Amino acid sequence: MLTGAERPILHGYFRSSCSWRVRIAFALKGIEFDQVPVNLIKDGGQQLTDQYKQLNPMQQVPAVHIDGIILSQSLAVIQYLEETRPGPRLLPADPVKRAQVRMVSDIIASGIQPLQNLCVLQKIGAEKAQWAQHFIQRGFEALEPILKETAGKYCIGDEISMADICLVPQVYNADRFKVDVDQFPTIKRLNQTLMELDAFKVSHPSCQPDTPADMRA
């Protein structure tokens, strides 16, 4: 039985973009949390077990125990934290900037990342690297001119937001699938700036409890 007094528990995977988004949000808000690793590869994928399906019927990560409830979908978790926890804003007060944050977040979380998600790539088979490159390239070609207009120090103006939380894991995936990020100077600059911040460093896939030894920083 879940109670609201417990520390949040993140069921996730070290290299999952969606899990990383939630880790960044926890770090930015200064929220202490526990992690339960869900290995997406081992034993055919621990997310596919009946036990995990009870936490997240979509059988994806993350699933988050918080305030006596279970939430899935990283943007829903982030917006719940924004609405229930103090600390730095993750959504701007200004309605135009707030809409821009959601637009950029959705481009990444709905228009890019799902197309190179593990369950999709497993279906693609031998062409999976080229498939991932194509859709990341396509997405970044759309994102670059948008960010060129909206960015200040960060994705939307000069305050960190949910858009930044989404951007950094996607750039990590771009590097992983050998997309040339130099083509996208605004995206590259923003990523470099954000990766100087502690919240993005401590949440990085290279330093999580389930990070394999050969991938640790």
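From a predicted model like this one, the values you see are computed outputs, not experimental measurements.
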### Task
Decide yes or no for Lys128 and Gln122: does some side-chain heavy atom of the first lie under 4.5 Å from some side-chain heavy atom of the second?
no

### Positive for side-chain contact (heavy atoms from CB on, under 4.5 Å) with Asn191, one of Val171, Thr186, Val181
Val171

### Message
Check this for me: Asp158, atom CG, are more than 12 non-hydrogen atoms of other residues, nucleotides or ligands nearer than 6.0 Å?
### Response
yes

Salt bridge present between [X] and [Y] (N-O < 4.0 angstrom):
X: Arg7; Y: Asp34; result: yes
X: Asp67; Y: Arg85; result: yes
X: Glu82; Y: Lys29; result: yes

### Message
Checking one residue: Leu48. Which other hydrophobic residues are in its cluster under the side-chain 4.5 Å linking rule?
### Response
none

### Task
Please step through side chain to side chain contact (heavy atoms under 4.5 Å, CB included) for the pair Tyr13 and Gln47, ending with a clear verdict.
CA-CA 10 Å; Tyr13 183 58; Gln47 76 279 17; over 6 Å; no

Side chains of residues 103-113: which donor-acceptor partners sit under 3.5 Å, not counting sequence neighbours?
{"residue": "Ser105", "atom": "OG", "partner": "Val101", "partner atom": "O", "Å": "2.8"}
{"residue": "Ser105", "atom": "OG", "partner": "Ala163", "partner atom": "N", "Å": "3.4"}
{"residue": "Gln113", "atom": "NE2", "partner": "Asn117", "partner atom": "OD1", "Å": "3.4"}

### Message
Is there a continuous path of hydrophobic side-chain contacts, each under 4.5 Å between heavy atoms, that joins Phe200 to Tyr172?
### Response
yes

### Query
How about Phe14 and Trp20: are their ring centres within less than 6.0 Å of each other?
no

### Query
Has the side chain of Asp94 got a donor or acceptor atom that lies under 3.5 Å from a matching backbone atom of Val96?
yes

